[in-house]
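Just the heavy atoms: all of them, side chains too, but no hydrogens, waters or symmetry mates, feed the values below. Order of appearance sets the numbers: ligands from 1, and atoms from 1 within every ligand.
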Amino acid sequence: MDILIVNGPNLGYLGVRQPEIYGTRGMDAVPELVAELMGPHAHAVRLSFFQSNSEGGLIDRLEQAWKDRVDGIVINPGAYTHTSLALADCLAWIGIPYVEVHLSNVAGRAESIRHTSLTAPRAVGTLAGFGVLGYALAVRALWQIRQTAS
Ligand code: DQA
């Protein structure tokens, strides 16, 4: 199963950016967390990673995922979560099952705009507040759902 993990703007310096909010670990921790969660099935998922600070760059990469027939997407759209109809439109038309991930528990953040997601409605589900573990939990969830569907 090919899974693309996508990070949006300001997520290129995870572990360094406001660690009190976003945690001290970076994306380099994710493959090991996925291996732990997948156990004997670790070989069943192939991960690719992408980060962009631009809306167009994210959409171009998602369209490429569609061309490549990627099986699942884990996406943290960063602040575009709350603002980007363009990104939501893209996720809608490519039709690849995706899980939305947020490092922080956005529902508990002070700024009310963070409580709204334009991209979450079409997601299989959303994980928020687990730091980088959330990406690994999302991979495991996408794999598990596919097993039960087949
Ligand atoms: C974030 C939450 C967003 O509100 C914020 O703009 C981010 C990161 C998170 O992972 O908690 O950049 O998506």
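- Residues D68 and Q64 have side chains that bring a donor and an acceptor to within less than 3.5 angstrom of each other.
- Using cut-offs of 30° and 60° for the angle between ring planes, the W66 and W93 rings count as perpendicular.
- Here I73 contributes atom CD1 and L91 contributes atom CG; the two are 6.5 Å apart, rounded to the nearest 0.5 Å.
- The distance from atom CG of D71 to atom CD1 of I96, rounded to the nearest 0.5 Å, is 8.5 Å.
- One distance of note links OG1 of T119 with CG of D89; it measures 11.5 Å at 0.5 Å rounding.
- No hydrogens or angles considered: a donor-acceptor pair under 3.5 Å links the side chains of S104 and R109.
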For ligand 1, what N or O to protein N or O distances fall under 3.5 Å?
| from | atom 1 | to | atom 2 | distance (Å) |
| --- | --- | --- | --- | --- |
| ligand 1 | 4 (O) | H82 | NE2 | 2.7 |
| ligand 1 | 4 (O) | R114 | NH1 | 2.8 |
| ligand 1 | 6 (O) | A79 | N | 3.2 |
| ligand 1 | 6 (O) | R114 | NH1 | 3.1 |
| ligand 1 | 10 (O) | N76 | ND2 | 2.8 |
| ligand 1 | 10 (O) | L103 | N | 2.7 |
| ligand 1 | 11 (O) | L103 | N | 3.3 |
| ligand 1 | 11 (O) | S104 | N | 2.9 |
| ligand 1 | 11 (O) | S104 | OG | 2.6 |
| ligand 1 | 12 (O) | R17 | NH1 | 3.1 |
| ligand 1 | 12 (O) | R17 | NH2 | 3.3 |
| ligand 1 | 13 (O) | N76 | OD1 | 2.8 |
| ligand 1 | 13 (O) | H102 | ND1 | 2.8 |

